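Report on the structure given below.
Throughout, protein chains are lettered first and strands after them, A, B, ... in sequence-line order, and every chain is numbered starting at 1. Note that this is a predicted model, so its numbers are computed, not measured. Quick note: numbers below take in every heavy atom, side chains included, and nothing from hydrogens, waters or symmetry partners.
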2 protein chains.
Amino acid sequence: MNESIYLARARLMKALSHPARLRIVDQLASGERCLCELQPLFEQDKSTLSRHISALRQVGIVSERREGARIYLRLATPCILQIFDCLNGVLQAEAKRTAQWLEPEMAE
Amino acid sequence: MNESIYLARARLMKALSHPARLRIVDQLASGERCLCELQPLFEQDKSTLSRHISALRQVGIVSERREGARIYLRLATPCILQIFDCLNGVLQAEAKRTAQWLEPEMAE
DNA sequence: GCATTATTGTGCAATAATGCTACATTGCGT
DNA sequence: ACGCAATGTAGCATTATTGCACAATAATGC
């Protein structure tokens, strides 16, 4: 029906379609973090990290709070974490189906 | 921690990060469809549609059943639909926050 | 053989990811 | 106040990926 709803959803999904960004969100699930705290966890350059954060900010997934030179990030909509649960559910379902494909061969 | 989990999740998210693919999933939520049935709903070429479908198949979101020349698609893990609910939740939360930013200006 | 349905090959334009560098902002110490 | 270190962002070039259409190629049933 309404095309814009799919666009809005896709924008959100795209922001979450990169391992680094998923990791950032995962970290923020434990509480506020600034870029400099996140950086040691990643191999990428800090500028790259900054851009990933920017992508999350642009779609409203994270918001920020300045404290001196640091900018502390937090999840703007903690319900975003439910998506992770959904993802896990799907991945587990897939794993289960894959196992069913493999078992019969194992039996031979 | 484990990098591969973020990769797996990102792969799944990426498959859902395009309006056309979200639309396909939405259609399949109502039941089986073949490409030729989906095509009228989209402006893109059938080959493009086929590739979108292929992307969904590759990550295990949809599976298929051949019936003559037609290949009927269905959601392999219907729990994928929960992700849509999550997305809506996030989008609504954002809309609410945006409204709060706008209201004060409206009052002046 | 022929029509219907779906996939694949190819090329092109647009987008995204990355690192390096330079720059801005802030707070601290002197 | 000044310089300096720490923190984050922006510009740029490079490379990789994605989305797309058109055409060619399968696969199926009649």
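Under the Watson-Crick or G-U wobble criterion, with both distances below 3.5 Å, D:dC30 is paired with C:dG1. Across the strands present, D:dT14 finds its partner in C:dA17; the criterion is a Watson-Crick or G-U wobble pair with both atom distances under 3.5 angstrom.
Put simply, CG on B:Leu38 is 12 Å from C1' on C:dA6, counting in whole angstrom units. Computed from coordinates, the A:Leu16 CG to C:dA17 C1' distance equals 17 Å when rounded to whole Å. At whole-Å resolution of the value, CG in B:Leu49 and C1' in D:dT18 are 16 Å apart. Separating the CG atom of B:Leu56 from the C1' atom of D:dG19 is a distance of 14 Å, rounded to the nearest angstrom.
Contact between the side-chain N/O atoms of B:His18 and the OP1/OP2 oxygens of D:dC20 is found at a separation under 4.0 Å. Between D:dC20 and B:His52, a contact under 4.0 Å exists linking OP1 or OP2 to a side-chain N or O.
Of the possible donor and acceptor atoms, one in the side chain of B:Arg66 sits under 3.5 Å from a partner among the backbone N and O of B:Gly68. Side chain of A:Arg11 to main chain of B:His18: no donor-acceptor pair is present (N/O by atom type, distance under 3.5 Å, no hydrogens or angles).
Residues A:Lys96 and A:Glu94 are not paired through a salt bridge, judged by the lack of any N-O separation under 4.0 Å between the basic side chain and the carboxylate. The existence of a salt bridge linking B:Glu64 and B:Arg74 is excluded, since no basic side-chain nitrogen approaches an acidic carboxylate oxygen closer than 4.0 Å.
With DNA chain C read from its 5' end, the first of the two nearest nucleotides for A:Glu67 and A:Ala20 is the one closest to A:Ala20.
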Quiz item: Nucleotide by nucleotide, 5' to 3', does protein get under 4.0 Å of the base (B), only the sugar-phosphate (S), or neither (-) in nucleotides 2-14 of chain D, counting heavy atoms?
Solution: -----SBBBBB--
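A:Arg23 forms a cation-pi arrangement with A:Phe42, by the criterion of a distance under 6.0 Å to the ring centre and an angle within 45° of the ring axis.
Of all the heavy atoms in B:Gln44 and B:Ala20, the pair that sits closest is NE2-CB, 4.0 Å.
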